[in-house]
Amino acid sequence: MTIRTLLPAILQAVMKGLPVALGDRHYPRWHLAPVTGLMNDPNGFIHFQGRYHLFYQWNALGCQHQHKCWGHWSSADLTHWRHEPLALMPDEEYDRSGCYSGSAVDDNGRLTLCYTGNVKFDDGTRTAWQCLAVQNADGGFDKLGPVMPLPGGYTGHVRDPKVWRHGDRWYMVLGAQDLALQGKVLLLRSDNLWNWENLGEIAGSTLGGLGEAGYMWECPDLFMLDGKAILICCPQGVTREEKRYLNTYPSAYLCGDLDYDKPEFRHGPLVELDAGFEFYAPQTTLADDGRRLLIGWMGVPDGEEMLQPTVAQGWIHQMTCPRELTLRDGKLCQQPARELAALRGEEQRLEGVAATLPSLAAESLELVLEAQGEVTLDFADTLRLEWTRDGLRLARRSLACSEWMHRYWQGDARRLHILCDRSSVEIFINDGEGVMSSRYFPAAGAKLGFEGDAQLRLRYWSLRACMVE
Ligand code: FRU
C-alpha cells in the first residue's frame, strides 16, 4: 500500500474498531493493548526528556502479521499513557513489507528511531535495511532512510536493531541468521548513527559453548546490570524440553562479561526469561533513577495466537506490565514496576485453609500469597495454577484441540505476587526469581478460587483502570 491508501485505511479501521475493542470484556483495564488490530513487539522504549516513550509493532488493518507500523504511546509515570501520532508506516520502497522492530535513542536532544525496513520479494526471499527516523516538531517522525544494507554472510533475516551509547560511541546489536541457518547476534559500532562497522558475532547458536540453539535470533537487547552484561534475545528453533522451552519461540537471556573491542562476550547458559504461555520480544530501557525497566509482548508468534477469541472483536494481544530488573546471584529477576502501586485500592487481607477462603473477583487484581502446603489457584475454570513442593504448574486448555497444556516453574516457590487484568495473569515467584505470563479467556467475569488444604496468607488490592488518553 502507498501512503495515499494506507493512511485513510488506518483511520477508518480505528474509527470502526476502537469502540468494539474497548467494549470487549477481555480488553485489559490497565495493560497496554491495541485500540484495534494486531499489536506485537514493544519498540523504542526510552525515557526521554521527562517522559517514557513506548512504540509498538502495529497492524491497524486486521489481526494478521501484516502492514507493520510503529504505534506510539508516552507516559510520565508508567500508569497514565497518552496516544501519540503514529510514528512509522511502511510507505517507502526500503520498508514496504513492514517497519519492523527497533529502538529509540536520544541523539543530542533529538528522539531518533532505529528500525528495520523489511522487504519481501515475490519469490519468497527478503532483504532488510536498518533505517533511521527522527522526531519532528509535530511529534511525528521524519524518515531519514536506510543506513545499512544486509551485512555479508547472512540471509535476509537480519533485524531488530537495539542501539545504545557506550563511552563516546554508538553501539548496536542486531538479530541475524547466518548462511548456515544458525541464529546469531551481531555487535556494530558507529560514531554518528549513519556509518556502522560490523564488529562481529557476540553470541548465538553454536557460539560461546551453547551448541545448537536456533536458526534465527530475534529482538536482541544488551545492557549492563550490576557490573554484568545481560543479553536478552529470542532464539527461534530451540529444542523443546520436558519442562522448558515449551512455547513456539522462547525469550531468553545470557549473563556475562563483554569486551567491546575484541568483541567478545563470555557468558553462562541460556536461561528462559519467562515460564508462562505468552511472553516474547521484551525490550528494556533505563529509568532516570537508574532502574532497568522491561516491557514484553504478552504473545508469541506462530502458535495458537490466531485462535484467541478477541480476534472476533477485531483486536489481539497486549503488553506485559512494566517490570524492574535486578540481578540476584547471577539470576535476572523481574518485579512489577513500583509505579504500579498507584493503581491499588485499599489493601485487604485473608488467611486460612485454602479451600475455605472465598473466591475473589479477579478482573483487575493484585495479590501477594504465602502458603504452607499444596494449593491450586483456579482462574475462572480456565487457567489453573498448581503450587506444590516441586514448584508451579500452570494449566490451560489448547484453543485448537481443548487438551490441557502445561507450563512449569521448578524450584521452591515461597511467595507469589500475581497481577490479574481481565484476560491475563502475571505470576512473579519469590520476588521475581521466576515469572509466568499468560493470557486466558474466561467465559464470564474472572474469579479466582482457592483449592486444597494449605494454610494460605494473602494480601490483595483491586486495581484501578488506567485509560490511555
Ligand atoms: C518478533 C518479530 C521481529 C520483527 C517483528 C515484526 O516478534 O518477528 O523480529 O521485527 O516481530 O513484526
Side-chain angles (χ1 to χ4, degrees), residues 41-46 55 100-105 107 112-118 128-132 147-155 157-167 169-178 182-191 193-208 210 213-214 216-225 228-236 249-268 270-271 273 280-286 292 294-296 325 332:
D41 312 355
N43 291 156
F45 191 23
I46 189 171
F55 301 80
Y100 274 18
S101 288
S103 51
V105 292
D107 181 20
T112 304
L113 308 181
C114 314
Y115 72 99
T116 300
N118 193 45
W129 300 92
Q130 309 316 320
C131 307
L132 296 179
V147 295
M148 196 198 311
L150 281 185
Y154 299 89
T155 70
H157 289 277
V158 175
R159 56 178 172 265
D160 310 336
K162 175 75 196 261
V163 178
W164 72 99
R165 190 112 186 132
H166 173 72
R169 318 268 284 293
W170 295 105
Y171 286 84
M172 175 195 289
V173 276
L174 263 182
Q177 178 181 62
D178 70 16
Q182 300 295 314
K184 296 284 155 70
V185 173
L186 312 181
L187 180 68
L188 302 98
R189 183 168 62 200
S190 173
D191 287 327
L193 294 174
W194 285 84
N195 306 103
W196 290 92
E197 179 192 358
N198 183 3
L199 301 176
E201 298 173 351
I202 52 159
S205 179
T206 71
L207 295 182
L210 286 191
M216 170 64 193
W217 282 28
E218 298 188 317
C219 300
D221 188 350
L222 195 143
F223 52 90
M224 296 300 291
L225 196 61
K228 285 291 184 188
I230 306 287
L231 176 66
I232 289 181
C233 54
C234 294
Q236 300 186 310
Y249 309 126
S251 169
Y253 72 93
L254 297 163
C255 173
D257 299 294
L258 177 68
D259 179 336
Y260 277 81
D261 296 317
K262 268 186 181 168
E264 186 183 34
F265 181 39
R266 300 171 141 274
H267 58 74
L270 194 65
V271 183
L273 248 183
Y280 200 67
Q283 203 176 75
T284 73
T285 194
L286 204 55
R292 178 60 58 173
L294 172 147
I295 292 186
L325 300 183
L332 190 59

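- By the 4.5 Å heavy-atom criterion applied to side chains, Leu132 and Leu193 are counted as neighbours.
- Under a 3.5 Å cut-off, the side chain of Ser205 and the backbone N or O of Gly183 do not form any donor-acceptor pair.
- A donor-acceptor distance shorter than 3.5 angstrom exists from the side chain of Asp259 to the backbone of Asp261, with no hydrogens or angles considered.
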Would you sort out whether Gln130 and Val158 count as a side chain to side chain contact (heavy atoms under 4.5 Å, CB included), showing the intermediate values?
CA-CA 9 Å; Gln130 309 316 320; Val158 175; 4.0 Å; yes

Starting from the C-alpha separation in whole Å, work towards a yes-or-no answer on side chain to side chain contact (heavy atoms under 4.5 Å, CB included) for Asp160 and Val173.
CA-CA 8 Å; Asp160 310 336; Val173 276; over 6 Å; no

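- Listed by chain and number, the residues in a side chain to side chain contact (heavy atoms under 4.5 Å, CB included) with Ala252 are Pro235, Leu270 (sequence neighbours excluded).
- Checking side-chain atoms of Asp41 against main-chain N and O of Asn43 turns up no donor-acceptor pair under 3.5 Å.
- Without hydrogens or angle criteria, Ser190 side chain to Trp196 main chain gives no donor-acceptor distance under 3.5 Å.
- For the residue pair Phe55 and Gly44, the shortest heavy atom distance occurs at CD1-O, 3.3 Å.
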Should Leu231 and Tyr253 be marked as a side chain to side chain contact (heavy atoms under 4.5 Å, CB included) after you check the CA-CA gap, both sets of side-chain angles, and the distance that decides it?
CA-CA 5 Å; Leu231 176 66; Tyr253 72 93; over 6 Å; no

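- His267 meets the ring-ring contact (aromatic ring centres under 6.0 Å, His included) test with Phe265; sequence neighbours excluded.
- Using a 4.5 Å heavy-atom threshold, the side chains of Leu254 and Val271 count as separate.
- Taking 4.5 Å as the limit, every side-chain heavy atom of Leu188 sits out of range of all side-chain heavy atoms of Leu199.
- For Ser103, the side chain to side chain contact (heavy atoms under 4.5 Å, CB included) test picks out Cys114, Lys162, Val163, Gln283, with sequence neighbours left out.
- Judged as a side chain to side chain donor-acceptor pair (under 3.5 Å), and not counting sequence neighbours, Thr206 has no contacts.
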Which is it for Val185 and Glu201 under the side chain to side chain contact (heavy atoms under 4.5 Å, CB included) test, yes or no, and what are the steps along the way?
CA-CA 6 Å; Val185 173; Glu201 298 173 351; over 6 Å; no

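- Across every non-hydrogen atom of Cys131 and Trp129, the tightest pair is SG-O, 3.5 Å.
- Under the 4.5 Å side-chain criterion, counting only non-hydrogen atoms from C-beta, Gln236 is not in contact with His157.
- The two residues Ser101 and Pro161 make their nearest non-hydrogen contact at O-CD, 3.4 Å.
- In this structure, the side chain to side chain contact (heavy atoms under 4.5 Å, CB included) partners of Arg169, at least two apart in sequence or on a different chain, are Tyr171, Arg189, Asp191.
- A heavy-atom distance below 4.5 Å is found between the side chains of Arg292 and Phe223.
- Considering only heavy atoms from C-beta on, Pro282 comes within 4.5 Å of Ile232 through its side chain.
- Two residues are said to be in side-chain contact when any heavy atoms from C-beta on lie closer than 4.5 Å; Leu332 and Leu273 meet this criterion.
- For CZ of Arg165, the number of neighbouring non-hydrogen atoms (other residues, nucleotides, ligands) closer than 6.0 Å is greater than 12.
- Checking side-chain atoms of Trp217 against main-chain N and O of Ala213 turns up a donor-acceptor pair under 3.5 Å.
- When all heavy atoms of Cys234 and Ala281 are compared, the pair lying nearest together is SG-N, 3.4 Å.
- In this structure, the side chains of Asp178 and Thr155 stay at 4.5 Å or more apart for every pair of heavy atoms.
- In terms of the side chain to side chain contact (heavy atoms under 4.5 Å, CB included) criterion, residue partners of Asn118 (sequence neighbours excluded) are, by chain and number, Ser97, Tyr100, Lys120, Arg126.
- A side-chain N or O of Tyr280 and one of Glu218 form a donor-acceptor pair less than 3.5 Å apart.
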